[in-house]
Trainee: 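Quick one: the structure is below, questions incoming.
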Amino acid sequence: MEETKVTDQEQNEQIETEQQEETEEVKDTQKTQKKATKTTKKKEESNTQSDELKALQSEIESLKAQVNEKDSKFAELQTKLSDIETKSSEQLATIQKKDVELKLAQKGLTEFQEFFANVQPEKLDEQIEKFQSLMKQKEIDNSFKPNNYTQDDKLTQAKNKGDLKSYIGALFGANK
């Protein structure tokens, strides 16, 4: 019986050892499964983060494209604006030139247009008035002025005629 006890005991020990080994194997399997689960979760998180990163990068590229498109439209609009400003200033200059021509024609000064080409429209009337007064002054200065001509008074006329009676009357202021 002792042998049977020993064998039973050995068997029990062997069973216990096997159970311990199986328990350890189960624990190892559980650990491996936990690690695998963690790894899977990490991979899933990594995949999720990777997907989110890709989505963000795609959105960034889309926004960059929109910015580039807006920049090109802005440049086009600036070009159009400068063209419009150029055309407007040209039209304004044409209108001002025609206004000068019209005012000079009204005043009879069309042959002097080149003298009024750079005059500001606000000061044109003032400049025309100054020009006309200068022209009048020049007309007076350039008009006929006889040299050595003096108007003879009655005394001189009577003396030149030899009329003594008119001479004495002019001398004393008598009217005849």
Side-chain angles (χ1 to χ4, degrees), residues 6-145:
V6 171
T7 43
D8 277 340
Q9 202 174 20
E10 282 179 1
Q11 276 183 343
N12 281 341
E13 283 179 7
Q14 193 177 11
I15 289 175
E16 251 180 60
T17 307
E18 285 178 3
Q19 283 179 347
Q20 282 178 350
E21 286 176 359
E22 283 180 11
T23 305
E24 285 180 21
E25 282 180 18
V26 167
K27 285 182 180 178
D28 285 343
T29 304
Q30 287 176 347
K31 285 181 183 179
T32 305
Q33 285 178 347
K34 283 182 181 179
K35 285 181 182 179
T37 304
K38 285 181 180 178
T39 304
T40 304
K41 284 182 181 179
K42 285 182 180 179
K43 284 182 181 178
E44 288 175 358
E45 288 177 10
S46 175
N47 288 340
T48 303
Q49 289 175 348
S50 177
D51 291 343
E52 288 175 1
L53 181 62
K54 287 178 182 177
L56 289 173
Q57 287 174 338
S58 173
E59 188 175 341
I60 288 171
E61 292 301 318
S62 172
L63 291 173
K64 283 182 180 179
Q66 288 177 357
V67 167
N68 289 337
E69 182 181 331
K70 299 295 181 189
D71 284 345
S72 66
K73 284 184 180 180
F74 182 73
E76 287 177 27
L77 289 175
Q78 281 184 322
T79 303
K80 285 181 182 179
L81 178 64
S82 74
D83 289 346
I84 290 171
E85 287 174 344
T86 302
K87 287 178 183 177
S88 294
S89 64
E90 288 172 356
Q91 288 176 348
L92 179 62
T94 302
I95 289 171
Q96 288 175 344
K97 182 180 177 186
K98 289 186 180 197
D99 187 36
V100 168
E101 290 173 1
L102 180 63
K103 285 184 180 181
L104 290 174
Q106 288 173 345
K107 303 282 183 169
L109 300 172
T110 53
E111 62 270 4
F112 299 106
Q113 283 181 1
E114 64 187 67
F115 297 113
F116 295 96
N118 295 325
V119 176
Q120 293 176 348
E122 304 87 39
K123 296 183 179 182
L124 181 63
D125 289 329
E126 180 183 330
Q127 292 293 325
I128 289 173
E129 293 297 322
K130 284 181 182 179
F131 185 76
Q132 284 179 328
S133 68
L134 287 172
M135 291 298 292
K136 285 180 184 176
Q137 183 70 33
K138 288 294 180 187
E139 284 178 15
I140 293 171
D141 289 345
N142 291 335
S143 63
F144 176 72
K145 295 180 188 174

Trainee: With sequence neighbours left out, write down each residue that passes side-chain contact (heavy atoms from CB on, under 4.5 Å) with Q66, or none if nothing qualifies.
Mentor: S62, L63
Trainee: List for me each residue that meets side-chain contact (heavy atoms from CB on, under 4.5 Å) alongside L102, sequence neighbours excluded, and say none if there are none.
Mentor: Q106
Trainee: Salt bridge (charged side-chain N to carboxylate O under 4.0 Å, His left out) with E129: which residues, sequence neighbours excluded?
Mentor: K107
Trainee: Please report the interatomic distance CE(M135) to CD1(I128), rounded to the nearest 0.5 Å.
Mentor: 13.0 Å
Trainee: Is any side-chain heavy atom of Q33 closer than 4.5 Å to a side-chain heavy atom of T29?
Mentor: yes
Trainee: Show me the side-chain donor-acceptor pairs of residues 79-93 shorter than 3.5 Å, one per line, residues at least two apart or across chains.
Mentor:
unit_1	atom_1	unit_2	atom_2	d
T79	OG1	A75	O	2.9
S82	OG	T79	O	2.9
T86	OG1	S82	O	2.8
S88	OG	I84	O	2.9
S89	OG	E85	O	3.3
S89	OG	T86	O	2.8

Trainee: What residues form a salt bridge (charged side-chain N to carboxylate O under 4.0 Å, His left out) with K73, not counting sequence neighbours?
Mentor: E69
Trainee: How many angstroms lie between atom CD of E25 and atom OG1 of T32, to the nearest 0.5 angstrom?
Mentor: 11.0 Å
Trainee: Can you measure from OG1 (T37) to NZ (K34) and round to the nearest 0.5 angstrom?
Mentor: 9.5 Å
Trainee: Can you tell me how far apart CD (E21) and CG (D28) are? Round to the nearest 0.5 Å.
Mentor: 11.0 Å
Trainee: Got a sec, which residues hit side-chain contact (heavy atoms from CB on, under 4.5 Å) with L134, two or more places apart in sequence or on another chain?
Mentor: none
Trainee: So with a 6.0 Å cut-off around CD of E59, is the heavy-atom count from everything else above 12?
Mentor: no
Trainee: Nearest 0.5 Å please: distance from the NZ atom of K38 over to the OG1 atom of T40.
Mentor: 12.0 Å
Trainee: Suppose we screen for salt bridge (charged side-chain N to carboxylate O under 4.0 Å, His left out). Which residues come up paired with K97, at least two apart in sequence or across chains?
Mentor: none
Trainee: Test of understanding: with side-chain contact (heavy atoms from CB on, under 4.5 Å), list the residues that count as partners of Q113, not counting sequence neighbours.
Mentor: E101, L104, T110
Trainee: Side chains of residues 42-54: which donor-acceptor partners sit under 3.5 Å, not counting sequence neighbours?
Mentor:
unit_1	atom_1	unit_2	atom_2	d
N47	ND2	K43	O	3.4
T48	OG1	E44	O	2.7

Trainee: Compare every heavy atom of L124 with every heavy atom of D99, then report the nearest pair and how far apart it is.
Mentor: O-CD2, 4.4 Å
Trainee: Does K123 have any salt bridge (charged side-chain N to carboxylate O under 4.0 Å, His left out) partners at least two apart in sequence or in another chain, and if so, which?
Mentor: none
